[in-house]
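Remember, it's 1-based here, ligands and their atoms both numbered in the order they're listed.
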Amino acid sequence: MSESTQAGNQPGIDAGQRLSQDWWRTGIIDMQPGEIRYRGYPIEQLIGQVSFAQMIWLMLRGELPGRKQGELLDAALMSAVDHGPQAPSIAIARMAATCGVGLNNAMASAVNVLGDVHGGAGEQAVELYQDVARRIDGGLAQADAVRAALADYRDAHGKFVSGFGHRFHPLDPRAPRLLALVEQAARDGVVSGRFAAIARAVEAELGAGRSKPIPMNIDGATAVIYAELGFPAPLARGLFCLSRSVGILAHAWEQTQQGGRNKGPIPRQYIWTYDGPPQRDVPPARD
Ligand SMILES: CC(C)(COP(=O)(O)OP(=O)(O)OC[C@H]1O[C@@H](n2cnc3c(N)ncnc32)[C@H](O)[C@@H]1OP(=O)(O)O)[C@@H](O)C(=O)NCCC(=O)NCCS
């Protein structure tokens with residue numbers, strides 16, 4: 001029973017107390033002195049029984065996942081923890097760590113740049129897969145649904161389809177492994193496998209008629225898992241932030257231990273390209 005419900009049943013509770021108890025309403029956590037319950041489960045029962053990934057699921061979704069569902073979520077979360085200092089989030093974590101700030105500041109700086117272009121591709125990919133699924137449910141064949149959804153996606157977002165292609169990896173080694181896990185989970189009856197099929201169909205459509213494919217990347221593959229597990233698209237971005245925070249913390253900590261001071265994004269002997277006016281004299285003051 002929530003505190004507010006208890007309060008409502010307590011004789012003599014006044015309107016002010018009621019207002020103050022109801023100021024924050026949450027179905028996530030309930031506490032009394034000496035008691036902590038998440039989604040109703042006592043913390044002492046969760047500790048030692050529930051993995052971190054299962055706990056993330058419980059917090060976000062309200063119910064505990066099955067063990068295999070938790071393992072699939074765990075695989076998606078662990079697969080995207082780091083992509084080296086070439087990734088802006090990681091470089092920013094390291095730069096921040098050389099500025100004399102604490103780990104929390106370095107982490108916050110880095111997480112703050114995870115947006116539509118860096119780290120947000122998973123959210124858009126989940127939306128695309130769900131759009132294809134809706135069109136299939138509406139009666140279209142899969143190939144037609146993919147073509148129609150891609151056309152609308154490009155009208156809204158431009159030519160690049162989130163979750164596919166990579167600047168560095170001709171084939172992102174994480175994607176096939178994650179897809180293999182999803183397909184195993186589908187064989188085990190843990191997920192339906194429909195979003196894996198949809199993502200593969202999108203990949204085939206993107207590569208059709210090209211000399212080289214445009215393969216699924218980490219965001220496209222983790223998006224398959226999040227869609228298969230029933231996470232709403234916006235949570236794909238939040239989950240990516242949780243995942244990448246591990247790499248961000250590791251790099252911030254390593255850089256802190258290395259002890260660099262005030263490191264900028266490029267070695268100091270290199271300078272940026274200046275394309276402003278040539279040197280000129282400040283004109284005499286005018287009224
Ligand atoms: C990552 C990205 C910027 C790399 O783009 P890139 O450097 O142009 O990649 P390539 O040079 O290998 O592109 C080769 C061709 O495939 C096309 N292409 C690459 N990624 C594509 C995508 N996601 N959707 C459609 N076409 C794509 C390019 O336009 C290019 O076409 P062209 O030969 O007709 O000019 C691009 O793939 C992208 O924006 N992907 C979507 C965002 C995303 O998923 N980001 C997360 C990455 S982990």
Side-chain angles (χ1 to χ4, degrees), residues 73 75-93 110-132 135 142-182 195-228 231-248 250-251 265:
L73 176 61
L77 290 169
M78 69 71 59
S79 66
V81 293
D82 188 14
H83 205 239
Q86 216 183 36
S89 50
I90 299 295
I92 286 167
V111 170
N112 253 333
V113 297
L114 297 175
D116 283 348
V117 178
H118 177 34
E123 177 178 1
Q124 291 152 11
V126 172
E127 277 167 7
L128 173 66
Y129 302 157
Q130 288 173 341
D131 185 23
V132 174
R135 289 169 199 260
Q142 180 172 272
D144 295 332
V146 166
R147 273 192 289 276
L150 278 176
D152 282 357
Y153 182 94
R154 285 181 162 132
D155 285 346
H157 301 286
K159 119 176 188 172
F160 288 100
V161 178
S162 291
F164 297 85
H166 208 287
R167 202 150 267 167
F168 191 78
H169 303 295
L171 180 64
D172 189 327
R174 299 164 289 189
R177 176 68 183 135
L178 289 172
L179 263 281
L181 290 180
V182 175
F195 292 100
I198 287 171
R200 286 199 190 283
V202 170
E203 186 179 50
E205 179 62 26
L206 289 177
R210 304 183 70 94
S211 56
K212 278 198 299 183
I214 303 176
M216 197 184 306
N217 61 37
I218 178 70
D219 292 319
T222 51
V224 168
I225 292 185
Y226 298 142
E228 290 281 355
F231 283 92
L235 281 180
R237 181 184 299 220
L239 290 167
F240 181 84
C241 292
L242 288 181
S243 166
R244 182 51 60 88
S245 290
V246 176
I248 286 170
H251 281 272

[atom]: nearest protein contact (heavy atom, Å):
| atom | result |
| --- | --- |
| atom 25 (C) of ligand 1 | K159 O, 3.4 Å |
| atom 24 (N) of ligand 1 | V161 N, 2.9 Å |
| atom 47 (C) of ligand 1 | N217 ND2, 3.5 Å |
| atom 42 (C) of ligand 1 | S162 CA, 4.0 Å |
| atom 26 (N) of ligand 1 | I214 CD1, 3.5 Å |
| atom 19 (C) of ligand 1 | F160 CE2, 3.8 Å |

Options H166, H83, K212, ranked by nearest heavy atom to atom 48 (S) of ligand 1, top entry = H166
List every atom of ligand 1 that sits less than 4.0 Å from any heavy atom of [X], numbering the atoms from 1 in the order shown and giving each element.
| X | answer |
| --- | --- |
| G165 | 20 (N), 37 (O) |
| D219 | 46 (C), 48 (S) |
| R167 | 1 (C), 3 (C), 4 (C), 7 (O) |
| A121 | 43 (C), 44 (O), 45 (N) |

Main chain of [Y], side chain of [X]: is a donor-acceptor contact present, judged purely on distance under 3.5 Å?
| X | Y | result |
| --- | --- | --- |
| Y129 | G220 | yes |
| H166 | F168 | yes |
| N217 | G165 | yes |
| T222 | I218 | yes |
| E123 | A236 | no |

Among H157, E127, Q124, side chain to side chain donor-acceptor pair (under 3.5 Å) partner for S162 =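 Of the listed residues H157, E127, Q124, the side chain to side chain donor-acceptor pair (under 3.5 Å) partner of S162 is Q124.
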Contact check, side chains of P215 and D172, non-hydrogen atoms, under 4.5 Å | no
Side-chain contact test, heavy atoms from C-beta onward, threshold under 4.5 Å: evaluate it for L128 versus L150 and give yes or no.
->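 Yes; the side chains approach each other to less than 4.5 Å.
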Using a distance threshold of 4.0 Å (strictly less than), state whether [atom] has a protein heavy-atom neighbour.
| atom | value |
| --- | --- |
| atom 13 (O) of ligand 1 | no |
| atom 32 (P) of ligand 1 | yes |
| atom 36 (C) of ligand 1 | yes |

Do H83 and H118 make the cut of ring centroids closer than 6.0 angstrom?
->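 Between H118 and H83, which both carry aromatic rings, the centre distance is not below 6.0 Å.
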Ligand 1 N/O within reach of F164 N/O, cut-off under 3.5 Å =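 Looking only at distances, the answer is yes, because the N/O contact criterion of under 3.5 Å is met.
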Mind checking whether I218 has an N or O less than 3.5 Å away from an N or O of ligand 1?
->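 In this structure, I218 places no N or O atom under 3.5 Å from an N or O of ligand 1.
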Step by step, work out the salt bridge (charged side-chain N to carboxylate O under 4.0 Å, His left out) result for R244 and D82.
-> CA-CA 6 Å; R244 182 51 60 88; D82 188 14; 5.4 Å; no
R210 and ligand 1 - part of the residue with a heavy-atom distance under 4.0 Å = side chain
